[in-house]
S.K.: 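Handing you this structure, nothing more for now.
Atoms within each ligand, like the ligands themselves, are counted from 1 in listed order.
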Amino acid sequence: MNPLVAPEQIVRPHRCALSVNVNKVAHLRNTRHLGIPSVARAATLCLQAGAQGITVHPRPDERHIRAGDVMELAALLKQWPEAQYNIEGNPTQNLMAFIRDVRPHQATFVPDSEDQFTSDHGWDVAKDADRLRPLIEECHGLGVRVSLFMDPLPEAMAAVRELGADRIELYTETYASAHGTPRQAEVLAQFTRTAEAALALGLGINAGHDLNLANLTDFIRAVPGVDEVSIGHALIADALEYGLGDTVHRYLRAIVDAGAAESLA
Ligand SMILES: CC(=O)[C@@H](O)[C@H](O)COP(=O)(O)O
Ligand SMILES: NCC(=O)COP(=O)(O)O
């Protein structure tokens with residue numbers, strides 16, 4: 001296949017999956033020694049409400065998701081064969097041990113330092129290629145899809161493809177900050193160009209970070225071919241108001257409203 005088909009030739013019937021990131025449930029749980037709220041129970045409620053996946057980011061300092069959560073969710077998701085398990089992290093730190101143990105559907109490589117407040121940048125593929133290539137190959141050998149957390153840089157997509165990654169995850173904080181401002185269209189266009197470049201190379205597209213009920217539909221409408229959005233912070237905050245099941249329905253409705261999923265009926 002021509003590795004650079006023209007964007008207008010990309011026709012991909014698309015559904016966009018919602019993967020709920022449960023980091024913040026674990027964050028709250030960790031502030032007491034009571035075991036509540038339960039991460040597994042929260043994940044179950046999200047799946048029962050129709051979420052198509054669960055995401056965790058087990059950071060080395062275990063500030064929220066702990067190793068026990070990763071294993072408990074792996075056992076839970078065996079009861080939900082249609083649902084996808086996405087484990088995020090820095091593969092040069094603690095991520096690969098989880099990937100080897102759990103073999104999730106997807107590993108999302110994120111270039112975070114150990115003490116980082118939150119994820120705030122994508123990979124510099126030119127600089128990191130030699131370290132990432134064998135780790136991507138190892139994941140593929142384990143049957144695990146690999147997504148690279150990336151800033152919206154169209155020119156970086158060829159290097160991502162050359163590395164052998166299956167998908168990119170568009171780091172959407174700059175979009176979320178610009179949403180509802182005069183810069184929205186300009187910032188969104190950069191994400192659209194990046195997605196078109198990725199699709200032209202046969203890469204799948206995920207997206208995440210600071211997505212919420214206010215900005216999600218506009219993003220999915222504008223950016224072609226989004227396979228999966230992983231949403232945590234805002235969704236868990238919304239659940240304090242609407243309850244987890246109703247909140248998941250609201251996010252699924254936002255994806256339907258963007259035309260990227262069938263109606264919830
Ligand atoms: C990679 C990314 O943007 C998020 O998935 C990440 O999980 C956020 O980490 P915290 O929940 O620790 O802020
Ligand atoms: N990869 C993004 C994610 O999993 C959740 O990010 P956020 O919604 O907590 O900002």
Side-chain angles (χ1 to χ4, degrees), residues 16-31 37 39 42-43 46 51-67 69-70 73 83-95 98-99 104-123 145-152 165-179 191 204-217 219-220 223 226-240 244 247-248 250-252 254-255:
C16 175
L18 172 65
S19 183
V20 178
N21 183 312
V22 292
N23 291 354
K24 302 300 159 52
V25 178
H27 236 309
L28 177 59
R29 188 255 342 258
N30 291 354
T31 54
V39 172
C46 292
Q52 290 93 2
I54 296 297
T55 291
V56 291
H57 191 144
R59 295 184 180 276
D61 63 10
E62 293 200 317
R63 68 187 73 167
H64 39 56
I65 293 292
R66 295 169 172 163
D69 297 314
V70 175
L73 289 170
Q84 295 253 311
Y85 195 15
N86 174 38
I87 304 180
E88 301 182 329
N90 189 323
T92 67
Q93 294 168 3
N94 64 332
L95 177 66
F98 291 117
I99 302 306
H105 298 84
Q106 177 175 263
T108 299
F109 288 7
V110 186
D112 284 2
S113 60
E114 297 214 6
D115 60 353
Q116 197 150 324
F117 177 66
T118 188
S119 308
D120 63 8
H121 64 280
W123 289 98
R145 182 175 69 230
V146 175
S147 176
L148 295 192
F149 195 62
M150 296 296 292
D151 296 303
D166 304 288
R167 295 190 183 178
I168 58 167
E169 176 177 348
L170 290 167
Y171 168 46
T172 48
E173 190 279 331
T174 53
Y175 161 70
S177 298
H179 188 262
F191 282 90
I205 297 169
N206 296 341
H209 205 94
D210 287 343
L211 292 175
N212 60 38
L213 279 177
N215 64 34
L216 181 57
T217 299
F219 183 85
I220 296 175
V223 178
V226 178
D227 293 298
E228 174 188 287
V229 288
S230 45
I231 306 175
H233 193 93
L235 189 150
I236 299 304
D238 288 332
L240 297 178
L244 205 41
T247 296
V248 167
R250 289 169 185 258
Y251 278 83
L252 290 170
I255 294 169

S.K.: Given side chains that start at C-beta, do those of Val20 and Leu235 come closer than 4.5 Å, heavy atoms only?
M.R.: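 Result yes, sub-4.5 Å side-chain heavy-atom pair found.
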
S.K.: Give the atoms of ligand 2, by number and element, whose distance to some non-hydrogen atom of Glu88 is under 4.0 Å.
M.R.: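 Checking each atom against Glu88, I get 1 (N), 2 (C), 4 (O).
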
S.K.: What's the shortest distance from atom 6 (O) of ligand 2 to any protein heavy atom, and which residue and atom give it?
M.R.: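 Protein heavy atom with the smallest distance to atom 6 (O) of ligand 2: His209 CA, 3.7 Å.
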
S.K.: Could you list which atoms of ligand 2 come closer than 4.0 Å to a heavy atom of Glu169?
M.R.: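 Here the atoms of ligand 2 in question are 1 (N), 2 (C).
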
S.K.: By number and element, which atoms of ligand 1 are closer than 4.0 Å to a non-hydrogen atom of Asn21?
M.R.: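 Taking each heavy atom of Asn21 in turn, ligand 1 has 5 (O), 7 (O) under 4.0 Å.
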
S.K.: So, Asp238 and Thr247: side-chain donor and acceptor under 3.5 Å apart, yes or no?
M.R.: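 No.
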
S.K.: Identify the two heavy atoms, one from Thr118 and one from His209, that lie closest to each other, and give their separation to 0.1 Å.
M.R.: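 For Thr118 versus His209, the nearest heavy atoms are OG1-CE1, 3.2 Å.
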
S.K.: Testing Leu216, Leu18, Ile220 one by one against Leu211 for a side-chain contact (heavy atoms from CB on, under 4.5 Å), which residue passes?
M.R.: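 For Leu211, the side-chain contact (heavy atoms from CB on, under 4.5 Å) check succeeds only for Leu216.
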
S.K.: Give the residue and atom name of whichever protein heavy atom lies nearest to atom 10 (O) of ligand 2, and the separation in Å to one decimal.
M.R.: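 Here the closest protein heavy atom is Asp210 N, 2.8 Å.
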
S.K.: Please report which non-hydrogen protein atom sits nearest to atom 4 (O) of ligand 2, along with the residue it belongs to and the distance in Å to one decimal place.
M.R.: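 The closest one turns out to be Asn21 ND2, 2.8 Å.
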
S.K.: Mark up the atoms of ligand 1 that fall under 4.0 Å of a heavy atom belonging to Arg59, in ascending order.
M.R.: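 So the answer, numbered in order with elements, is 6 (C), 8 (C), 9 (O), 10 (P), 12 (O).
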
S.K.: Between Arg29 and Val39, what is the shortest heavy-atom contact and its length?
M.R.: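 Taking every non-hydrogen atom into account, NH1-CG2, 3.6 Å.
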
S.K.: Looking at atom 13 (O) of ligand 1, what's its closest protein heavy atom, distance included?
M.R.: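 Checked against all protein heavy atoms, atom 13 (O) of ligand 1 sits closest to Thr118 OG1, 2.5 Å.
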
S.K.: Taking all atoms of both residues into account, what is the closest heavy-atom pair of Asp69 and Ala26, and its distance?
M.R.: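 For Asp69 versus Ala26, the nearest heavy atoms are OD2-CB, 4.2 Å.
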
S.K.: Go through ligand 2 atom by atom and flag the ones less than 4.0 Å from a non-hydrogen atom of Thr55.
M.R.: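 Ligand 2 atoms under the 4.0 Å threshold to Thr55: 4 (O).
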
S.K.: To check your reading of the model: name the closest protein heavy atom to atom 1 (C) of ligand 1, its residue, and the distance in Å.
M.R.: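 Minimum-distance protein heavy atom for atom 1 (C) of ligand 1 reads Ser119 OG, 3.2 Å.
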
S.K.: I need the nearest protein heavy-atom contact for atom 6 (C) of ligand 1: residue, atom name and distance, please.
M.R.: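 Atom 6 (C) of ligand 1 sits closest to the protein heavy atom His57 ND1, 3.4 Å.
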
S.K.: Quick one: which of Gly232, Ala234, Gly208, Ser230 has a heavy atom closest to atom 3 (C) of ligand 2?
M.R.: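 The residue whose heavy atom sits nearest atom 3 (C) of ligand 2 is Ser230.
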
S.K.: Ligand 1 and Glu169, any nitrogen or oxygen pair closer than 3.5 angstrom?
M.R.: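 Min N/O separation from ligand 1 is not below 3.5 Å for Glu169.
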
S.K.: Between ligand 1 and Lys24, can you find any atom pair, the residue atom being a heavy atom, that is separated by under 4.0 Å?
M.R.: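 It does; at least one heavy atom falls under 4.0 Å.
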
S.K.: What atoms of ligand 1 come within less than 4.0 Å of a heavy atom belonging to His209?
M.R.: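 Per the distance check, 2 (C), 3 (O), 4 (C).
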
S.K.: Between His57 and ligand 2, find which residue part has any heavy-atom pair under 4.0 Å and reply side chain, backbone, both or neither.
M.R.: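 Contact part for His57 vs ligand 2: neither.
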
S.K.: Give the residue, atom name and distance (to 0.1 Å) of the protein heavy atom nearest atom 9 (O) of ligand 2.
M.R.: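 Answer, as residue, atom name and distance: His233 N, 2.8 Å.
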
S.K.: Does Arg59 pair with Asp61 as a salt bridge, N-O distance under 4.0 Å?
M.R.: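 Between Asp61 and Arg59 there is no salt bridge, as every charged N stays at least 4.0 Å from the carboxylate O atoms.
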
S.K.: Parallel, tilted or perpendicular for Phe219 and Phe191, by the 30°/60° rule?
M.R.: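 The rings of Phe219 and Phe191 stand perpendicular, inter-plane angle above 60°.
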
S.K.: Could you report the tightest heavy-atom contact between Ala254 and Thr217, atom names first, then the distance?
M.R.: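 That closest heavy-atom pairing would be O-OG1, 2.8 Å.
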
S.K.: Counting each atom of ligand 1 from 1 as listed, which ones have a heavy atom of His64 under 4.0 Å away?
M.R.: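 It comes down to these atoms of ligand 1: 10 (P), 11 (O), 12 (O).
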
S.K.: How far is atom 11 (O) of ligand 1 from its nearest protein heavy atom, and which residue and atom name does that atom have?
M.R.: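 It is Asn23 ND2, 2.8 Å.
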
S.K.: Among Thr55, Thr108, Asn206, find the residue that satisfies the side chain to side chain donor-acceptor pair (under 3.5 Å) test when tested with Ser19.
M.R.: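 By the side chain to side chain donor-acceptor pair (under 3.5 Å) criterion, Ser19 pairs with just one of Thr55, Thr108, Asn206: Thr55.
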
S.K.: Do Asp112 and Ser119 have side-chain N/O donor and acceptor atoms under 3.5 Å apart?
M.R.: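 Their side chains do contain a donor-acceptor pair, which is all the 3.5 Å distance test asks for.
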
S.K.: Closest approach of Ala42 and Leu244, non-hydrogen atoms and distance?
M.R.: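 Minimum heavy-atom contact is O-CD2, 3.5 Å.
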
S.K.: Is His233 close enough to touch ligand 1? Criterion: a residue heavy atom under 4.0 Å from a ligand atom.
M.R.: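 It does not, in that no heavy atom of His233 comes within the 4.0 Å cut-off of ligand 1.
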
S.K.: Show the nearest heavy-atom pair for residues Ala51 and Leu252, with the distance to one decimal.
M.R.: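 Of all heavy-atom pairs spanning Ala51 and Leu252, the closest is N-CD1, 4.2 Å.
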
S.K.: I need the nearest protein heavy-atom contact for atom 4 (C) of ligand 1: residue, atom name and distance, please.
M.R.: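 For this ligand atom, the closest protein heavy atom is Glu88 OE1, 3.5 Å.
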
S.K.: Using a 6.0 Å cut-off, check whether atom NE2 of His105 has over 12 heavy atoms from anything other than its own residue.
M.R.: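 Yes, NE2 of His105 has more than 12 neighbouring heavy atoms, counting only those of other groups under 6.0 Å.
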
S.K.: Within the structure, does Arg63 bring an N/O atom to less than 3.5 angstrom of an N/O atom in ligand 1?
M.R.: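 Not met; the criterion fails.
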
S.K.: So if I count the atoms of ligand 1 from 1 in the order they appear, which ones are less than 4.0 Å from some heavy atom of Phe149?
M.R.: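 Selected atoms, number and element: 1 (C), 3 (O).
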
